[in-house]
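Worksheet for the structure shown next.
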Amino acid sequence: MTGTSETRTADSAEHETRQSRLHRLMRYLPLIAPVLLWTVPCWLLLHTGQHWPLPVTLAGTALFALGMLGMPLAIVRGHGRRQQDWAAIIGDTLLGAIWTLFTWSVLLGALLRLTLAITGVGDGQDRARAVTWAALGTAAVLLAWGYAEARRVPRVRRLDVELPRLGTGLDGTRVVLITDTHYGPLDRARWSARVCETVNTLDADLVCHTGDIADGTAARRRAQAAPLGTVRATRARVYVTGNHEYYSQAQGWVDLMDELGWEPLRNRHLLLERDGDTLVVAGVDDVTAESSGLPGHRAHLAGALHGADPDHPVLLLAHQPKFIDRAAAGGVDLQLSGHTHGGQIWPFHHLVRIDQPALAGLSRHGTRTLLYTSRGTGFWGPPFRIFAPSEITLLVLRSPHGPTSP
């Protein structure tokens, strides 16, 4: 017993040490990241044996230097205290573009150079220039495609989800999930209306929005959010806050969604009943709510389930997948979440996995609890989605004891 206890203590201390180092690194990341993002592709594409004419080298280097200085300034001006949308658009677009160019400069810089060297194609200058053009061409194609993917109305992803405790009367219940709409600097009021039209074709019993409605206050983004008032559901439309609401006066968003006819499930639940069977539909505030300082805002599962019959299955709305540990401990049957965007711009998903237990899709946690993580309906920041398509999700709940309806 003593040996086991000491081992656990040592493991805990080692984990805390790693976490402390990670937190220190994250503190300096905003300073380090722009430098790396701009200097690495500049060096790889201009200064590693290409021998471009001097005017080309100077002009290219100047552009990278301008981007390295201008991108952080635009992001701060756009998302900081000034909240200037034009600056946010410039800063976010530059961020997405340089992340993509950085990624493919590094990948092609290593793989293509090695391949050309092994096959004996060209001399050093020819290989270096081939890598440059390949990286620029690949990044341009992916950014054009990624922009179209980000701005399109998401495809509908349909799947059946069997809940062992679901009664036969609720077999075939249709739940539509939208999340992370992130209405923001780019006006997407028409896109919002088209998303809502698509939702209305799905004959939903329950429509859920699991947070991150917008970047900006409810007063500022009201026109883009207004189409949410047209969404139809036979039983209920429910909403929980995401972390971005707490950057933009969260209570204003709660009030606006209530005004638009949605039920904000702030640590409470409602009952969906049919043919003698009951489903508990619960929601919690985002896990960042308590640190926001807003009175009464926190993620409180016990409060959300207070008064619910423990024998009834529970569908929980929680913005971040990381809430799943608490959901599983609380006996939740299915948690619906967003937040991850599926990584949004490849290969950012590797960083998301450090923070969240799931990236996208359906996963099991513990003996009872399922988690569905949406890749999100909109996009945050950079107007690109690369290898992480957006989605509107239709989940058809199934009872193991009832007939499967079409």
Side-chain angles (χ1 to χ4, degrees), residues 154 156-166 170 173-181 204-212 238-244 265 267-269 272 279-289 299-305 308 310 312-344 348-377 380 388-400:
V156 176
R157 185 179 187 193
R158 184 190 189 280
L159 70 157
D160 290 1
V161 180
E162 184 177 282
L163 300 181
R165 298 201 302 159
L166 190 71
L170 289 167
T173 298
R174 298 167 71 85
V175 179
V176 171
L177 171 62
I178 58 176
T179 185
D180 299 274
T181 41
D205 297 299
L206 180 71
V207 180
C208 309
H209 194 308
T210 53
D212 279 8
V238 292
Y239 154 74
V240 293
T241 56
N243 57 303
H244 278 250
L265 294 182
N267 305 316
R268 67 183 188 89
H269 70 270
L272 197 157
L279 174 67
V280 178
V281 180
V284 292
D285 292 339
D286 183 62
V287 293
T288 61
H300 188 214
L301 181 59
L305 297 179
H312 291 157
V314 177
L315 170 66
L316 175 70
L317 276 62
H319 177 65
Q320 298 195 43
K322 66 170 62 175
F323 196 80
I324 193 63
D325 289 342
R326 281 182 260 181
V332 168
D333 297 82
L334 173 63
Q335 176 179 314
L336 303 183
S337 298
H339 185 68
T340 70
H341 299 206
Q344 187 165 319
F348 195 78
H349 66 285
H350 291 300
L351 298 179
V352 175
R353 288 186 185 278
I354 296 174
D355 184 54
Q356 298 292 335
L359 182 72
L362 193 65
S363 55
R364 180 175 293 277
H365 301 262
T367 57
R368 174 193 295 177
T369 306
L370 296 174
L371 166 66
Y372 185 82
T373 306
S374 169
R375 290 187 299 256
T377 309
W380 171 84
S390 56
E391 64 179 84
I392 296 168
T393 317
L394 171 61
L395 301 106
V396 181
L397 305 186
R398 296 298 183 188
S399 168

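In this chain, numbering begins with 1 at the start of the sequence shown.
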### Query
When rounded to the nearest 0.5 angstrom, what is the spacing between OG1 in Thr369 and CG in Asp325?
10.0 Å
### Query
Does His209 offer a backbone N or O that forms a donor-acceptor pair with the side chain of Thr179 under 3.5 Å?
no
### Task
Report the distance from atom CG of Leu316 to atom CG of Leu305, rounding to the nearest 0.5 Å.
7.0 Å
### Task
Would you mind listing every ring-ring contact (aromatic ring centres under 6.0 Å, His included) that reaches into residues 351-373, with sequence neighbours excluded?
none
### Minimum heavy-atom distance between Leu279 and Leu170, given as atom pair plus value
N-CD1, 3.5 Å
### Task
Report the C-alpha distance between Phe348 and His341 in whole Å, list the side-chain angles of each, state the deciding distance to 0.1 Å, and finish with yes or no for side chain to side chain contact (heavy atoms under 4.5 Å, CB included).
CA-CA 10 Å; Phe348 195 78; His341 299 206; over 6 Å; no
### Message
With rounding to the nearest 0.5 angstrom, report the CG to CG distance, Asn243 to Asp286.
### Response
5.0 Å
### Query
Backbone N or O of Gly342 within a donor-acceptor pair of the His349 side chain at under 3.5 Å?
no
### Query
Where do Leu301 and Arg326 come nearest, in terms of heavy atoms and distance?
CD2-O, 3.4 Å
#### Entry: Positive for side-chain contact (heavy atoms from CB on, under 4.5 Å) with Val238, one of Val175, Thr210, Leu317
Leu317
### Query
Is the closest basic N to carboxylate O distance between Arg158 and Asp160 below 4.0 Å?
yes
### Query
side-chain contact (heavy atoms from CB on, under 4.5 Å) with Leu334: which of Leu397, Leu371, Leu166?
Leu397
### Message
Between Asp212 (side chain only) and His244 (backbone N and O only), is there a donor and an acceptor less than 3.5 Å apart?
### Response
yes
### Task
Let me know which of Val332, Leu272, Asp333, Leu206 forms a side-chain contact (heavy atoms from CB on, under 4.5 Å) with Leu315.
Leu206
### Message
Under the rule for side chain to side chain contact (heavy atoms under 4.5 Å, CB included), what residues qualify as partners of Ala308, not counting sequence neighbours?
### Response
His269, Val280
### Task
Kindly give the heavy-atom pair with the smallest separation between Gly338 and Pro321, and that separation in Å.
O-CD, 3.5 Å
### Query
In chain order, what residues pass the side chain to side chain contact (heavy atoms under 4.5 Å, CB included) check against Ala388, with sequence neighbours excluded?
Arg385
